[in-house]
2 protein chains.
Amino acid sequence: MPTLKKPLQAAPGRKMKRTPQRLAIFDYLDGNKKHPSAEEIYRSVSRTYQSMSFATVYNTLKALTGKGMLRELTIDPDRKRYDPDTSPHHHFICLQCRKIVDVHSILTVETPREIARDHLVVGTHVEFTGLCPSCKKRKKMQ
Amino acid sequence: MPTLKKPLQAAPGRKMKRTPQRLAIFDYLDGNKKHPSAEEIYRSVSRTYQSMSFATVYNTLKALTGKGMLRELTIDPDRKRYDPDTSPHHHFICLQCRKIVDVHSILTVETPREIARDHLVVGTHVEFTGLCPSCKKRKKMQ
DNA sequence: ATAATACTTTACAATAATTCCAACTTATGC
DNA sequence: GCATAAGTTGGAATTATTGTAAAGTATTAT
C-alpha cells in the first residue's frame, strides 16, 4: 500500500475519502511528468493494486479534476491525458509518438479585444505541435 | 446534387475523386464557422443526401485533413471538431455549451528556447476557455 | 472502540465516438 | 465505352468512457 505523500485535501472544500485505491492513484500521479492516459494509470496502478477497477480510476480522475487537483488535457486526439501539475503552463505534443512535454516558460498571450469584450476568459493554453527530438532524428535518417 | 464551389483539389498532389457525397460534405463545410463534429456533419448532409453513410463522412474528413484542406480540432474533450478554415488562427471554447469561436487576431507567441532547441515546431495554437456571452449572462442571472 | 451512514469500489453492462471490413458501385483516364 | 483504382455502404468491431447495483469500507458521532 502506498504511503501518503501529500494530503488528499489540499484546500478547504476538497475533502475526499482517503481510500487505498485513491492513494495509489494519487501516488502514481504525484510528480508524474508523463501526462498519462486513464489506461496507463490503470495499467500501472493495478500492477501493485490487484483488484483495481477501471471505473475507480475514472471516478478518481474525475473527482480530482473537479476539485482542481488535476488537469485534464484535451491535446491528444485519441484520449484524455492527465496532468497533476495544475500550475498554469503550456504543452508541446509530438505529432508522431504523441509524447507531451511541459512548457514552463511564461508566455504572455494577451486576450484579444474581440473575445475579452463579451466573453469571460478563465484559461489560456498554448499548444505547440511538431516532432520531439527522437522522432525528429528518426525522420531525418530515412 | 450540390454544386461545386471550390475545386476539390486546390494544390498539386491533392487530387481526390469528385463524388457527389464528397461534394455534399465539402459544400456543407465550405465557409462553415461552427466547428461541427462528425455527427453534426452527418446529420446535416444526410438530410439532403439520403444514402450517406457515417463511414463516408469519416473517410472524407480524414482525406481532407490529410490533404491539408481541413483542420481537426482537439479542443472539445468529447469529440473531434472540424474547421474548414486552415489559415493559422486560434480558438475560444465555452466550458458550458462547448461552442467554439475563431480568434483571428494575430497573437505573437514566441516559441520558448527549451522547445525550439531540440524539437521541430510546426504549429502553435492558443486555446482560450471560459464562458461565451450567452452562458455568461445565464450564469449571472441565477 | 463501535455502529451507523454515507461514500467507494467492483464487475459488468451500456454508451458513444470512431474505425474496420468486404461486397458493391462509380468516377476517371485511356 | 471500358477497365480499374478508388470510393461508398451497412454493419460489425474497437476503443474510450460512463452508468449501475450490490458489496465493502472510511469517517463521524457516539
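By convention in this document, chain letters (A, B, ...) are assigned in the order of the sequence lines, proteins followed by strands, and residues within each chain are numbered from 1. Values in this document were obtained by computation on a predicted structure and should not be read as measured data.
Here dT19(C) presents its P atom at 14 Å from CZ of R79(B), a figure rounded to the nearest Å. The nearest whole Å value for the distance from the NZ atom in K17(B) to the C1' atom in dT26(C) is 6 Å. Rounding to whole angstrom units, NZ of residue K62(A) and C1' of dT9(C) are separated by 16 Å. Between Y42(A) atom OH and dT17(D) atom C1' there is a gap of 14 Å when expressed in whole angstrom units. Note: CE (M52(A)) to P (dT8(C)) measures 14 Å, nearest angstrom. If you measure from atom CG of L61(B) to atom P of dC20(C), you get 15 Å, rounded to the nearest angstrom. In this structure, M16(B) atom CE and dA27(C) atom C1' are separated by 13 Å, rounded to whole Å. Computed from coordinates, the E72(B) CD to dA17(C) C1' distance equals 12 Å when rounded to whole Å.
Side-chain N/O atoms of S51(B) include one lying less than 4.0 angstrom from OP1 or OP2 on dT9(D). A close approach under 4.0 Å does not occur between any side-chain nitrogen or oxygen of T19(A) and OP1 or OP2 of dC7(C). Under 4.0 angstrom from either OP1 or OP2 of dA26(D) there lies no side-chain N or O belonging to R18(A). Residue Q21(A) has a polar side-chain atom (N or O) positioned under 4.0 Å from OP1 or OP2 of dT10(C).
Of the candidate nucleotides dC20(C), dA26(D), dT18(C), dT18(C) has the atom nearest to the side chain of K80(B). For Y58(B), whose side chain is taken as the heavy atoms from C-beta onward, the closest listed nucleotide among dT19(C), dT18(D), dT9(C) is dT19(C). Checking dT8(C), dG7(D), dT19(C) against every side-chain atom of R22(A), the shortest atom distance belongs to dT8(C). Of the candidate nucleotides dT9(C), dT17(D), dG7(D), dT17(D) has the atom nearest to the side chain of A38(A).
In terms of heavy atoms, E114(B) sits closest to D102(A) at OE1-O, 4.0 Å.
Distance check: C135(B) SG to K99(B) NZ gives 9.0 Å after rounding to the nearest 0.5 Å. Distance CD1/I25(A) to CG/L64(A): 8.0 Å, rounded to 0.5 Å.
Side-chain atoms of T56(A) never come within 3.5 Å of backbone atoms of M52(A) as a donor-acceptor pair (strictly under, hydrogens ignored).
Taking for each of S53(A) and D78(B) the nucleotide of DNA chain C with the nearest heavy atom, the 5'-most of the two is the partner of S53(A).
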